[in-house]
Amino acid sequence: NSIIGNAATFTTFNTGYYAVYLKGLSSSAKDVNTVVSNNQFTGFGQSAIKIENNDGAIIEKDTIHGWTQITGATEIKAIWVASNSTNTTVRSNSIYGIVNLVNGSSVTGIEVSSGVPSSNTLCYNNFIYGIITSGGAGTSGNTTRGIFVSNASGTGDKFYHNSIYLSNSDASNASVSYSTGFEATTNSSSGFTFKNNIVFNEMTHGSPNAHSYAVRISSASIPSGVTLNNNLYWTPSSEIPQGYVGRLGTVDKQTISEIG
């Protein structure tokens with residue numbers, strides 16, 4: 001068991017490619033019940049907190065903010081629940097003020113990519129705002145995500161009561177650029193719940209063919225094991241064409257009824 005942080009005062013981290021990287025020995029010899037709590041992260045290369053080969057980790061009450069990426073890592077993931085991590089709890093964290101200026105790059109507030117069935121991540125009461133990828137006026141695509149689930153075959157992940165606000169403008173002229181509050185890579189065996197969350201996305205983009213979404217699901221339809229319910233979505237983009245509530249597969253959706 002490891003505890004990183006102090007219940008009474010913030011512990012501050014302000015440098016490092018990973019500020020905190022906790023990796024168990026292997027998928028069969030995991031670190032167990034690690035806690036990362038009440039820390040402040042103000043500078044990092046790719047991730048403030050990354051866990052791998054962990055079971056039962058808790059990431060809570062951390063503040064991750066104030067970072068502008070000019071060169072270096074093209075993918076910023078503030079909190080990254082990575083390979084072979086199971087039964088993780090991510091709660092009551094604040095993520096804001098993170099900017100990636102590398103063209104063709106991405107910023108993600110929380111990413112779950114454990115790569116295993118029964119991953120059982122519980123993610124709730126997190127506040128994500130003021131994060132953006134704006135990599136100049138080039139033609140490479142930029143991506144901004146509040147929460148991203150890239151574990152297509154994972155089951156048991158739950159996302160409750162998170163608040164996500166995306167704003168400002170991405171300068172890239174690439175039509176493939178986009179921003180989304182929540183995104184999931186899915187297949188027929190995917191199983192997760194996204195419920196009682198608030199997503200407000202008013203980002204604009206340099207290309208009129210780049211869009212802002214509340215939710216993106218990679219499948220053409222919602223898999224039977226996936227639940228999207230009782231969320232508040234708002235995408236009042238001023239760009240032409242306007243922002244969309246969601247996207248299923250390759251098709252943009254205008255209404256909540258179209259995305260389940």
Side-chain angles (χ1 to χ4, degrees), residues 76-78 94-100 105-112 123-135 137 140-150 157 159-186 190 192-223 226-260:
I76 293 177
K77 307 170 184 184
S94 294
I95 301 169
Y96 63 93
I98 301 173
V99 180
N100 196 342
S105 61
S106 66
V107 172
T108 301
I110 299 170
E111 178 168 331
V112 177
C123 179
Y124 66 96
N125 286 351
N126 299 287
F127 190 19
I128 302 169
Y129 65 99
I131 65 172
I132 187 171
T133 307
S134 184
S140 298
N142 294 331
T143 304
T144 302
R145 308 179 183 98
I147 297 174
F148 180 36
V149 183
S150 60
D157 296 332
F159 304 88
Y160 300 140
H161 302 291
N162 299 288
S163 297
I164 301 167
Y165 173 50
L166 304 180
S167 61
N168 297 316
S169 181
D170 169 18
S172 171
N173 294 323
S175 61
V176 294
S177 293
Y178 66 90
S179 61
T180 183
F182 178 80
E183 181 172 8
T185 302
T186 54
S190 298
F192 64 81
T193 299
F194 187 71
K195 184 176 181 180
N196 293 334
N197 302 281
I198 298 173
V199 178
F200 185 171
N201 185 359
E202 60 176 356
M203 270 189 66
T204 59
H205 301 271
S207 169
N209 296 314
H211 302 309
S212 300
Y213 303 93
V215 175
R216 281 175 60 113
I217 304 294
S218 67
S219 302
S221 59
I222 302 294
V226 170
T227 299
L228 306 175
N229 190 24
N230 207 38
N231 300 293
L232 177 60
Y233 304 134
W234 188 243
T235 53
S237 178
S238 60
E239 64 191 358
I240 301 298
Q242 65 184 26
Y244 291 87
V245 170
R247 182 179 177 94
L248 295 180
T250 60
V251 181
D252 296 333
K253 304 294 184 179
Q254 291 273 15
T255 65
I256 290 178
S257 62
E258 293 178 280
I259 61 173

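Rounded to the nearest 0.5 Å, atoms CG (Leu166) and CG (Asn201) are 4.5 Å apart. Taken to the nearest 0.5 Å, the CD1 atom of Ile95 stands 8.0 Å off from the CD1 atom of Ile147. Of the inter-residue distances, the one linking Thr133 atom OG1 with His205 atom NE2 reads 10.0 Å to the nearest 0.5 angstrom. If you take CG on Asn197 and CG on Asn230, they are separated by 9.5 Å, rounding to the nearest 0.5 Å. Between atom CG of residue Asn168 and atom OG1 of residue Thr144 there is a gap of 10.0 Å, rounded to the nearest 0.5 Å. For the atom pair Lys253 NZ and Ile259 CD1, the distance stands at 10.0 Å (nearest 0.5 Å).
In this structure, the side chains of Ile128 and Ile110 come closer than 4.5 Å at one or more pairs of heavy atoms. Put simply, the side chain of Ser105 reaches to within 4.5 Å of the side chain of Asn142, judged on heavy atoms. Contact check for Ile222 versus Leu228: side-chain heavy atoms found under the 4.5 Å cut-off. Using a 4.5 Å cut-off on side-chain heavy atoms (C-beta onward), Ser167 and Phe200 make no contact. In this structure, Thr235 and Tyr244 have side chains that are not in contact, with every pair of non-hydrogen atoms separated by 4.5 Å or more.
Residues His211 and Tyr178 keep their aromatic ring centres 6.0 Å or farther apart. Aromatic rings of Tyr124 and Phe159 (six-membered ring for Trp) have centroids beyond the 6.0 Å cut-off, not under it. The aromatic ring centroids of Phe194 and Phe192 lie 6.0 Å or more from each other.
Under 3.5 Å, the side chains of Ser219 and Ser221 contain no donor-acceptor pair of N or O atoms. There is a side-chain donor-acceptor pair under 3.5 Å between Glu202 and Tyr165.
Using modelled atom types, one side-chain atom of Ser134 and one backbone atom of Ser169 make a donor-acceptor pair closer than 3.5 Å. In this structure, the side chain of Ser212 engages the main chain of Met203 through a donor-acceptor pair within 3.5 Å. When atom types are taken as modelled, the side chain of Asn162 and the backbone of Tyr160 share a donor-acceptor pair closer than 3.5 angstrom.
A cation-pi arrangement is absent between Arg145 and Phe182 under the rule of less than 6.0 angstrom and at most 45 degrees off the ring axis.
Between Ile217 and the options Val149, Thr180, Thr185, Thr186, a side-chain contact (heavy atoms from CB on, under 4.5 Å) holds for only Thr186.
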*Under the side-chain contact (heavy atoms from CB on, under 4.5 Å) rule, what do Tyr233 and Ile256 come out as? Steps first, then yes or no, please.*
CA-CA 8 Å; Tyr233 304 134; Ile256 290 178; 3.9 Å; yes
